[in-house]
Amino acid sequence: MSLEKSEKLYERAKTLLPGGVSSPVRAIEPYPFYTASASGSMITDVDGNEYIDYCMAYGPKILGHAHPRIKAAIMEQLEKGWLYGTPTELEVNLAGKIAGFYPSIDMLRFVSTGTEATMSALRLARGFTGKNKFIKIEGGFHGAHEAVLVKAGSGATTLGKPDSLGIPRDFTKYTLQVPFNDIEAMTSLIESNSDELAAVIMEPVMGNIGPILPEGNYLKEVRKVTQENDVLLIFDEVITGFRLAMGGAQEFFGVTPDMTTLGKIIGGGMPIGVFGGRREIIEMIAPSGGVYQAGTFSGNPASAAAGIAVLDVLKKENVHRTLNAKGDEVRARLSDLVSDMALDYNVCGIASMFKIFFGDAPSNYQEVLKCDKEGYFEFFHRMLKSGVFLPPSQFETNFLSFAHSDSDIDRTLEAYGANLK
Ligand SMILES: *Cc1c(COP(=O)(O)O)cnc(C)c1O
């Protein structure tokens with residue numbers, strides 16, 4: 001297996017792009033493979049190596065790469081031009097479809113990334129409530145903007161400390177954090193701050209520290225305590241939206257948030273983000289209200305066309321039923337492997353998300369930190385040599401797509417078996 005071209009490209013990239021990449025997670029040491037093309041479940045690098053892909057662009061490619069229906073929708077739009085700076089029928093239709101699948105969303109605004117979606121949702125929550133503070137879950141990821149880049153582990157009662165240079169202390173002092181799955185911590189933090197608290201923002205299933213599920217009635221109890229204290233609940237469904245079910249985690253778990261952020265899947269692989277929710281809240285966005293938000297590429301016709309196509313295929317082909325069953329199968333077979341080998345590892349996940357934790361099954365961020373991260377990284381490299389591309393970290397989720405075949409899964413399980421040994 002040669003990776004000569006990738007190695008050379010990385011050398012050059014490091015002189016032009018900081019760390020050699022356009023987003024930090026891609027800087028896989030000693031060097032990442034450079035992709036030449038991808039189709040279905042497979043991704044091919046510039047040296048001609050092929051891998052079964054479980055990274056799937058970190059979530060968006062639920063139908064696999066280069067899906068013919070999405071490709072056709074994008075091509076058709078390209079013929080007509082792909083950016084106008086005017087409203088289009090496409091954005092109205094995509095908004096209607098999204099609202100149709102999410103009863104909690106009466107109205108929405110399109111943006112270009114998940115980062116923009118959560119940033120704007122938090123601004124709107126503050127504008128709507130007239131309050132400044134919000135609570136996030138420790139280790140929860142909501143993109144790369146000031147208010148959410150706070151250090152983990154600062155405890156429930158201390159104010160957020162920036163987790164990046166260049167962020168003034170003042171920009172994170174309204175950000176409070178609690179551990180996932182701890183309703184007592186959440187309740188007491190809400191009750192002691194309710195006069196100043198605009199919102200709770202959370203991933204209903206934590207997807208950026210490996211898949212960690214809400215335990216028992218946790219989500220329902222969070223909904224109850226936010227409602228009782230007049231605090232908005234924002235579900236960040238950038239990963240779970242259209243992943244767990246058409247109606248996302250809120251449909252799957254039967255919990256209704258006040259606002260929702262979406263991204264990743266809903267653009268069919270093109271850049272997109274959405275924040276939406278109850279009409280009286282979303283109407284406060286400019287130009288109908290006083291909370292400002294704008295974007296040159298927002299609602300662009302190429303992303304909207306791709307988004308409509310992906311939602312149509314998901315619905316028409318009843319993708320979630322097949323895909324979630326495949327996820328169950330993969331998790332069961334991995335669990336069998338782990339127990340046959342008597343390893344102290346744990347297989348976690350839900351729907352089409354899965355992961356082996358090199359340690360105990362975690363229920364929050366501090367517990368993931370106890371896993372064998374270095375061991376996992378070595379395992380990642382061995383899997384790559386076996387032709388399976390997993391996300392390169394213990395903290396990232398593996399994604400199954402509709403394009404993964406039974407033989408892909410058999411080959412993948414074989415590779416897991418050989419490399420775990
Ligand atoms: C990926 C992600 C984001 C950020 O989306 P971008 O499009 O990368 O800006 C926000 N929230 C969650 C839960 C995500 O997984």
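Values reported hereafter were calculated over all heavy atoms of this structure, with side chains retained and with hydrogens, waters and symmetry mates removed. For ligands, and for the atoms within them, numbers begin at 1 and follow the listed sequence.
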Crowding at CZ, Phe171 (>12 non-hydrogen neighbours, <6.0 Å)
no

His142 contact mode with ligand 1 (heavy-atom cut-off under 4.0 Å)
backbone

Which residue supplies the protein heavy atom nearest to atom 4 (C) of ligand 1, what is that atom called, and how far is it?
Thr115 N, 3.6 Å

Looking only at distances, can you tell me whether any N or O atom of Glu203, backbone or side chain, sits closer than 3.5 Å to an N or O atom of ligand 1?
no

Measure up the Tyr345 and Phe358 rings against each other and bin them: parallel (under 30°), tilted (30 to 60°), perpendicular (over 60°).
parallel

Please identify which atoms of ligand 1 are closer than 4.0 Å to at least one heavy atom of Asp236.
10 (C), 11 (N), 12 (C), 13 (C)

Would you say ligand 1 has an N or O under 3.5 Å from any N or O of Thr118?
no

Parallel, tilted or perpendicular: which describes the rings of Phe33 and Tyr51, with under 30° parallel and over 60° perpendicular?
parallel

For Ile239, the ligand 1 atoms with a heavy-atom partner under 4.0 Å come out as 15 (O)

Heavy-atom contact check, 4.0 Å cutoff: does Glu116 meet ligand 1?
no

Which protein heavy atom lies closest to atom 1 (C) of ligand 1, and at what distance to 0.1 Å?
Lys264 NZ, 1.6 Å

Lys133 with Glu196: basic N within carboxylate O range, under 4.0 Å
yes

Asp312 and Lys315 ion-paired at < 4.0 Å:
no

Do Lys80 and Glu76 have side chains that get closer than 4.5 Å, going by heavy atoms?
yes

Do any nitrogen or oxygen atoms of Gly143 lie less than 3.5 angstrom from nitrogen or oxygen atoms of ligand 1?
no

Could you list which atoms of ligand 1 come closer than 4.0 Å to a heavy atom of Gly114?
4 (C), 5 (O), 6 (P), 7 (O), 9 (O)

Give the numbers and elements of all ligand 1 atoms closer than 4.0 Å to a heavy atom of Thr113.
7 (O), 9 (O)

Check whether the side chains of Gln293 and Arg123 place a donor and an acceptor atom closer than 3.5 Å, and report yes or no.
no

Going by the 4.0 angstrom heavy-atom rule, the piece of Asn208 near ligand 1 is side chain

Quick test of your reading of the model: are Asp258 and Arg223 salt-bridged, counting only N-O distances below 4.0 Å?
yes

